[in-house]
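Structure first, then comments.
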Amino acid sequence: QVQLTESGGGQVQTGNSLRLSCTASGRRLENYGMAWFRQAPGKERVFVANINWNGDERTYIDAVKGRFIISRDNAENTGYLQMNSLKPEDTAVYYCAARFGQYSGSYGRTQDYAFWGRGTQVTVSS
């Protein structure tokens, strides 16, 4: 099984940037599609963005389009979420997730992903 570890969260002011990393161990990340989800206090975990196994396909929710960039470096076994122009409503715990397979298409449900990290807190203050 692949194990995922997120890092890079923190507290920033509105308009600033953060880059989250998701480091995989146990398996080669190139065999998995990846996604980022987030969960705000008292709310459900929701899809943010995903990227297929080789980076050719990326999908974002409307709320982050033009501000967030999902990417991956299979040689480094790591995925990333570059978050720019952060807003207070981006405050949440961010989770990295992986889905086995070199597939095409977008998967945005939590049940689509079998492997999860423990999350990293992102707090954006106004």
Side-chain angles (χ1 to χ4, degrees):
Q1 290 187 354
V2 64
Q3 290 85 42
L4 305 174
T5 304
E6 303 94 337
S7 62
Q11 183 169 356
V12 298
Q13 293 187 327
T14 297
N16 284 2
S17 299
L18 282 173
R19 187 176 81 157
L20 305 183
S21 297
C22 174
T23 302
S25 61
R27 292 289 187 272
R28 295 302 306 169
L29 195 58
E30 63 193 11
N31 294 316
Y32 296 80
M34 294 182 62
W36 289 92
F37 287 73
R38 66 187 181 186
Q39 187 167 16
K43 297 189 177 181
E44 294 184 349
R45 191 174 301 187
V46 297
F47 172 79
V48 175
N50 72 343
I51 185 168
N52 73 328
W53 69 278
N54 64 357
D56 283 352
E57 299 179 38
R58 310 179 195 201
T59 305
Y60 302 90
I61 57 171
D62 287 345
V64 306
K65 281 182 181 177
R67 300 189 298 122
F68 289 13
I69 301 171
I70 189 171
S71 63
R72 62 190 299 156
D73 185 339
N74 287 339
E76 295 294 327
N77 237 30
T78 301
Y80 303 98
L81 185 67
Q82 177 68 42
M83 305 187 297
N84 301 319
S85 301
L86 282 161
K87 304 176 181 180
E89 50 263 45
D90 295 318
T91 295
V93 177
Y94 283 72
Y95 296 90
C96 173
R99 174 183 171 91
F100 181 75
Q102 295 183 344
Y103 53 84
S104 294
S106 177
Y107 294 87
R109 304 176 306 168
T110 55
Q111 55 263 49
D112 292 329
Y113 295 87
F115 307 101
W116 293 83
R118 294 187 175 185
T120 185
Q121 176 70 46
V122 171
T123 303
V124 185
S125 57
S126 57

Can you list, pair by pair, the side-chain donor-acceptor contacts under 3.5 Å of residues 15-28, counting residues two or more places apart and other chains?
{"residue": "Ser17", "atom": "OG", "partner": "Asn84", "partner atom": "OD1", "Å": "3.0"}
{"residue": "Arg28", "atom": "NH2", "partner": "Asn74", "partner atom": "O", "Å": "2.8"}

Exercise for the section: Ignoring hydrogens and angles, tell me if any N or O in the side chain of Thr14 forms a donor-acceptor pair with the backbone of Lys87 under 3.5 Å. Expected result: no
Handout entry: Gap separating the OH atom of Tyr60 from the CD1 atom of Ile69, nearest 0.5 angstrom
Key = 6.0 Å
Handout entry: Approximate separation, where rounding is to 0.5 Å, of Gln39 CD and Glu44 CD
Key = 8.5 Å
Handout entry: Phe68 vs Ile61 side-chain heavy atoms within contact, under 4.5 Å
Key = no
Problem - Donor-acceptor contact present, side-chain Thr120 to main-chain Ser7, <3.5 Å - result: no
Exercise for the section: Quick one: closest heavy-atom pair of Arg67 and Ser85, and the distance? Expected result: NH1-O, 2.9 Å
Exercise for the section: Measure the shortest side-chain to side-chain distance between Phe100 and Asn31 over non-hydrogen atoms and say whether it is less than 4.5 angstrom. Expected result: yes
Problem - Shared hydrophobic cluster, Phe47 / Met34 (ILVMFWY, side-chain heavy atoms < 4.5 Å) - result: yes
Practice task
Return the minimal non-hydrogen interatomic distance between Ala92 and Ala40, and the atom names on each side.
Solution key: CB-N, 3.8 Å
Exercise for the section: Following the transitive rule for hydrophobic clusters with a side-chain heavy-atom cut-off under 4.5 Å over Ile, Leu, Val, Met, Phe, Trp and Tyr, establish whether Val93 and Val12 coincide in one cluster. Expected result: yes
Problem - Check: Thr78 main-chain N/O paired with Asp73 side-chain donor or acceptor under 3.5 Å - result: no
Exercise for the section: Check whether any side-chain heavy atom of Glu30 lies under 4.5 Å from a side-chain heavy atom of Asn54, and answer yes or no. Expected result: no
Practice task
Report yes or no: do Tyr80 and Trp53 belong to one cluster of Ile/Leu/Val/Met/Phe/Trp/Tyr joined by side chain heavy-atom distances under 4.5 Å?
Solution key: no
Handout entry: Arg72 side chain to Gly55 backbone, donor-acceptor under 3.5 Å
Key = no
Problem - Check: Ser104/Glu57 side-chain N/O donor and acceptor closer than 3.5 Å - result: yes
Practice task
Can you establish whether the number of heavy atoms outside Gln1 located under 6.0 Å from its atom CD is more than 12?
Solution key: no
Problem - Summary of salt bridge (charged side-chain N to carboxylate O under 4.0 Å, His left out) pairs that have at least one residue in residues 2-15, sequence neighbours excluded - result: none
Fill in the blank from the handout: CZ of Arg58 to OG of Ser106, rounded to nearest 0.5 Å, is 13.0 Å
Practice task
Let me know which of Ile70, Val64, Asp90 forms a side-chain contact (heavy atoms from CB on, under 4.5 Å) with Val48.
Solution key: Val64
Handout entry: Side-chain heavy-atom pair Trp36, Met83 within 4.5 angstrom cut-off
Key = no
Problem - Exercise: do Tyr113 and Arg99 side chains pair donor with acceptor under 3.5 Å - result: no
Exercise for the section: Check Asn50 against Ala35 and note the closest heavy-atom contact, atom names and distance. Expected result: CB-CB, 3.7 Å
Problem - Summary of salt bridge (charged side-chain N to carboxylate O under 4.0 Å, His left out) pairs that have at least one residue in residues 112-126, sequence neighbours excluded - result: Arg109-Asp112
Exercise for the section: Consider only side-chain N and O atoms of Thr123 and Gln121, and report whether a donor and an acceptor are under 3.5 Å apart. Expected result: yes
Practice task
May I ask whether Val124 and Val46 are part of the same hydrophobic cluster, defined by side-chain heavy atoms of I, L, V, M, F, W, Y residues being less than 4.5 angstrom apart, directly or through others?
Solution key: no
